[in-house]
Amino acid sequence: MAADGNLMATIRWQIMKQVEILADKTALIQQALELVLEKLHAAITARGIATLALSGGSTPKPLYEALAQQDLPWDKLHIFWGDERYVPPTHPDSNEGMARQAWLNHVPIPASHIHPMPTDASDPAVAAERYEHDIRQFFQVPPGRFPSLDVILLGMGDDGHTASLFPHTAALQVQDRLITVGNKDGQPRLTFTVPLINQARCVVFIVAGASKQPALAQIFAPTADAMMYPSRLIDPQGELWWLLDREAGQVLG
Ligand code: 6PG
């Protein structure tokens, strides 16, 4: 959805996105599992590896637990994070910690294939630059270019944020970098930028619960303030999927 509400971009967004409303959270997670597996296998077939960025929060945890039960070619998978709270991986709020406990600690994925966001620098901006360097090195893309991850998983907050792109924050405006420092109520976070997310081959939102209805109504409205509802900024060059449970999705009619 174009930030400036450009009509053609809005029409494209309305046409191109795939929206599926599932009966409940269990069905939502199952659909997300099937979609992610399909995209990862297709990437491996096409390019020999698959790159996946994880979202944080609570919704994706059962998806990660389900992925831990899969028989995937783990040596062909590379895991990144789309955002991270600025805490150690041992902290209960850590997105890295959650994904490792739910999934990555239980499968034989090479340790070098897990690319967590660093949170050990005293200055989060230094950590953001370090992760940007790591990603540029991995994808072999120079400054000014944006790599295409195969799959980027996203959640959406009750306020319409995604990753750590919070309403009316400076992170929403960053167009020349891959990684920036997000800000949630004064707390620093690391986050993929909008242009990095929008370069993905496939972006999958996984959204559950009635509390998401007000933001979803704004995000799917023909016009609304994208600075207020940052998920409106997500308009990838590839596929865009919105997987909703009925509690969240019923607001869309
Ligand atoms: C995080 C996120 C964030 C999350 C949403 C939804 O670090 O918290 O990545 O963007 O996806 O806040 O969170 P829930 O899934 O807990 O509703």
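Indexing begins at 1, ligand by ligand and atom by atom, following the structure's order.
What sits closest to atom 8 (O) of ligand 1 on the protein, heavy atoms only, is R85 NH2, 2.7 Å. The single protein non-hydrogen atom nearest to atom 5 (C) of ligand 1 is H161 NE2, 3.5 Å, given as residue, atom name and distance.
A perpendicular orientation is assigned to the rings of F80 and Y131, their planes being inclined by more than 60° (bins at 30° and 60°). The aromatic rings of F220 and W242 stand perpendicular to each other, their planes meeting at an angle above 60°, with 30° marking the opposite boundary.
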Before you tell me yes or no, could you show the steps for R145 and F139 under side-chain contact (heavy atoms from CB on, under 4.5 Å), namely the whole-Å CA-CA distance, both residues' side-chain angles and the distance that decides it to 0.1 Å?
CA-CA 10 Å; R145 294 272 312 281; F139 287 97; over 6 Å; no

Kindly determine whether L33 and Q70 satisfy side-chain contact (heavy atoms from CB on, under 4.5 Å), including the steps that lead there.
CA-CA 10 Å; L33 174 67; Q70 300 302 309; 3.7 Å; yes

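For ligand 1, the polar-atom distance check finds no N/O of S55 at less than 3.5 Å from any of the ligand's N/O atoms. An N or O contact shorter than 3.5 Å links T59 to ligand 1 by distance. Any N or O atom pair closer than 3.5 Å counts here, and T162 shares no such pair with ligand 1.
Of the heavy atoms in A163, only backbone atoms (N, CA, C, O) come closer than 4.0 Å to ligand 1. Residue M156 touches ligand 1 through its backbone alone, judged by heavy-atom distances below 4.0 Å. Counting heavy atoms under 4.0 Å from ligand 1, residue D83 touches it through the side chain alone. Under 4.0 angstrom from ligand 1, there are no non-hydrogen atoms of L154.
Interface atoms of ligand 1 facing G155, defined by a heavy-atom separation under 4.0 Å, are 11 (O). Those atoms of ligand 1 with a heavy atom of K212 less than 4.0 angstrom away are 6 (C), 17 (O).
The environment of NE2 in H41 is crowded: more than 12 heavy-atom neighbours from other residues, nucleotides or ligands sit within 6.0 Å.
Side chain of Q101 to main chain of M98: no donor-acceptor pair is present (N/O by atom type, distance under 3.5 Å, no hydrogens or angles).
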